[in-house]
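Accompanying notes for the structure given below.
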2 protein chains.
Amino acid sequence: MTVSSAGRRERKKAATRQAIADAALRLFLLRGYDQVSIRDIADAADVSTTTVFKHFTGKEALVFDEDEEREAQLMAAVTQRAPGQSVLDALRRHFLDTWIRIETHPQRAEFAHLVESTPELRAYAERMWTRHTEALAAAVADAFGAGHDDLACAALARYVLDIPALVRGRHDLQVAVETIFDLLAHGWRPPATG
Amino acid sequence: MTVSSAGRRERKKAATRQAIADAALRLFLLRGYDQVSIRDIADAADVSTTTVFKHFTGKEALVFDEDEEREAQLMAAVTQRAPGQSVLDALRRHFLDTWIRIETHPQRAEFAHLVESTPELRAYAERMWTRHTEALAAAVADAFGAGHDDLACAALARYVLDIPALVRGRHDLQVAVETIFDLLAHGWRPPATG
DNA sequence: TACAAAAGTGCAATGAGTCAACTAAGCAAC
DNA sequence: GTTGCTTAGTTGACTCATTGCACTTTTGTA
């Protein structure tokens, strides 16, 4: 029975994890982050509170269950860019094409609002996002054969990862992203004022 | 006796606050952040634990008791820059002159190590620092008569405030800071290799 | 079948942070 | 000075996140 039962444990584990994440998100959206306790989530998912912590490092992590994917996409944008395309250009395209699309997806709206309206989550999201700085910096450095501690690469990585926070709430994300990349490519210029 | 006794309450309050902050820092440096409870601090300062929270918003805030000052300095660097000096230049000078001097001050070393070695504090410090983005962005925007929501100004503010995190741990802060400002002024260039 | 690893449970404990009712010190006006 | 308002501080109980431990159940495997 090795084949048919292979990974039953894995699947059940994944199912439990998903049940917890689903229950958490549902309750958070329904009542607000602060108004939901781990106990509530555990009950809704029909597990014990300790089991919740076996699957997630903390309450905040329950909200951001699918972040590795987006990091991977970002990394891929650099490492698997079209031949002849510059790193900066690859990143710009990634933001304009992939990132904006995801961010403006209708389903994303209420989730975004949840994060937006909970200071604790906003802080966590930002931390989580900028935490990928090292990985992206390494990818950029590799693209140039520079050392992983190269300052210019680290700066580019961080500045690019700041973009989501910077353009948040702008009416025209497209224009906003272009503005930032223009600054990164050509240097900062004073704003044009009447 | 209006003069000599004026604000005795104020002074006592300030004294209590200081006693708490001092006790906290002393214990943190002695035993490490995680190994000190609010209870310990309250006992050392001879107040109740609730009093601690009357003066400080949370445990982390006990460590960063004097941050408004540095924000004010930064703001002043922009608003009170020498005539004819560009904003970017004023900021560069501020970092090279004032910021590096403070950061490399001997007394600062053990404090820096405490923050450095406590992930919770590192995250908090970064958040605290970048939280001033709005204020700095407004100051920069004012310098150009632009609106307070001007994206280019917001980006510059955030990117400048990222500098401490970016150059942390570099052997030559001077060079590191110059590198970043060069990027901000003239755009990003691939690192020179081979 | 028997055994080891992993998933999950229950329970108790720690520690941060909040709340409400109370005490007492400062301060002002009379 | 005494009356009375304001506010710092106290006390103790409470909620909740998070951890550790000992235990049971399930699953994979020899």
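Residue numbers start from 1 in every chain, and the chains themselves are labelled A, B, ... in the order their sequence lines are given, proteins ahead of strands.
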Give every pair of a protein N or O atom and an N or O atom of nucleotides 4-6 of chain C that lie under 3.5 Å apart, one pair per line with the distance.
| unit_1 | atom_1 | unit_2 | atom_2 | d |
| --- | --- | --- | --- | --- |
| dA5(C) | N3 | Arg9(A) | NH1 | 3.4 |

Return the residues of residues 119-129 of chain B meeting this criterion: a heavy atom under 4.0 Å from some atom of DNA chain D. Order them by number, or give none.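 Close to the strand, none.
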Whole angstrom value for the distance that separates [atom2] of [N] from [atom1] of [X]:
X        : N       : atom1 : atom2 : value
Asp40(B) : dA16(C) : CG    : P     : 8 Å
Ile41(B) : dG17(C) : CD1   : C1'   : 13 Å
Ile20(A) : dT9(C)  : CD1   : C1'   : 13 Å
Glu10(A) : dG8(C)  : CD    : P     : 11 Å

Close side-chain approach of Glu126(B) and Arg127(A), heavy atoms under 4.5 Å: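 Not in contact.
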If you define the side chain from C-beta out and look only at heavy atoms, does anything of Phe181(A) sit under 4.5 Å from Leu96(A)?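 They are not in side-chain contact.
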Listing, residues 146-155 of chain A side-chain donor-acceptor contacts under 3.5 Å, not counting sequence neighbours, or none:
| unit_1 | atom_1 | unit_2 | atom_2 | d |
| --- | --- | --- | --- | --- |
| His148(A) | NE2 | Asp142(A) | OD1 | 2.8 |
| His148(A) | NE2 | Asp142(A) | OD2 | 3.4 |
| Asp150(A) | OD2 | Ala152(A) | N | 3.1 |
| Asp150(A) | OD2 | Cys153(A) | N | 3.0 |

For the backbone of Tyr159(A) and the side chain of Tyr159(B), can you confirm whether one donor and one acceptor N or O come within less than 3.5 Å of each other?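 Yes, the answer is positive, given that a donor and an acceptor are paired below the 3.5 Å cut-off.
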Under 6.0 Å between ring centres: does that hold for Trp188(A) and Phe144(B)?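 Aromatic pair counts; centres sit under 6.0 Å.
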For residues Ile20(A) and Ile41(A), report the shortest heavy-atom separation together with the two atoms involved.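 What the structure gives for the nearest pair is O-CG2, 3.9 Å.
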Any chance the side chains of Thr130(B) and Thr133(B) put a donor and an acceptor closer than 3.5 Å?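 No - no donor-acceptor pair under 3.5 Å links their side chains.
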Going by ring pair (Phe, Tyr, Trp, His ring centres under 6.0 Å), name the residues that satisfy it together with Phe111(B), two or more places apart in sequence or in a different chain.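 Ring pair (Phe, Tyr, Trp, His ring centres under 6.0 Å) list for Phe111(B), sorted by chain: empty.
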Please evaluate residues Val175(B) and Arg170(B) with respect to the criterion side chain to side chain contact (heavy atoms under 4.5 Å, CB included), reporting the C-alpha separation (whole Å), side-chain torsions for both, the decisive distance (0.1 Å), and the verdict. CA-CA 9 Å; Val175(B) 168; Arg170(B) 303 278 161 179; over 6 Å; no
Would Arg70(B) and Thr98(B) count as a side chain to side chain contact (heavy atoms under 4.5 Å, CB included) if you check the C-alpha gap in whole Å, the side-chain angles of each, and the deciding distance to 0.1 Å? CA-CA 10 Å; Arg70(B) 304 186 70 184; Thr98(B) 309; over 6 Å; no
List the protein contact pattern of nucleotides 10-20 of chain D with one symbol per nucleotide (5' to 3'): B for base contact, S for sugar-phosphate-only contact, - for none; contact means a heavy-atom distance under 4.0 Å. BBB----SBBB
Tell me whether the side-chain N/O atoms of Lys12(A) come closer than 4.0 Å to OP1 or OP2 in dT27(D).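 For Lys12(A), the contact criterion (side-chain N or O under 4.0 Å from OP1 or OP2 of dT27(D)) is met.
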OP1 or OP2 of dG9(D) versus the side-chain N and O atoms of His55(B): is any pair under 4.0 Å?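 The answer is yes; a side-chain N or O of His55(B) sits under 4.0 Å from OP1 or OP2.
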Applying side chain to side chain contact (heavy atoms under 4.5 Å, CB included), can you list everything that pairs with Arg26(A), at least two apart in sequence or on another chain?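 If we apply the side chain to side chain contact (heavy atoms under 4.5 Å, CB included) test to Arg26(A), skipping adjacent residues, the hits are Ala44(A).
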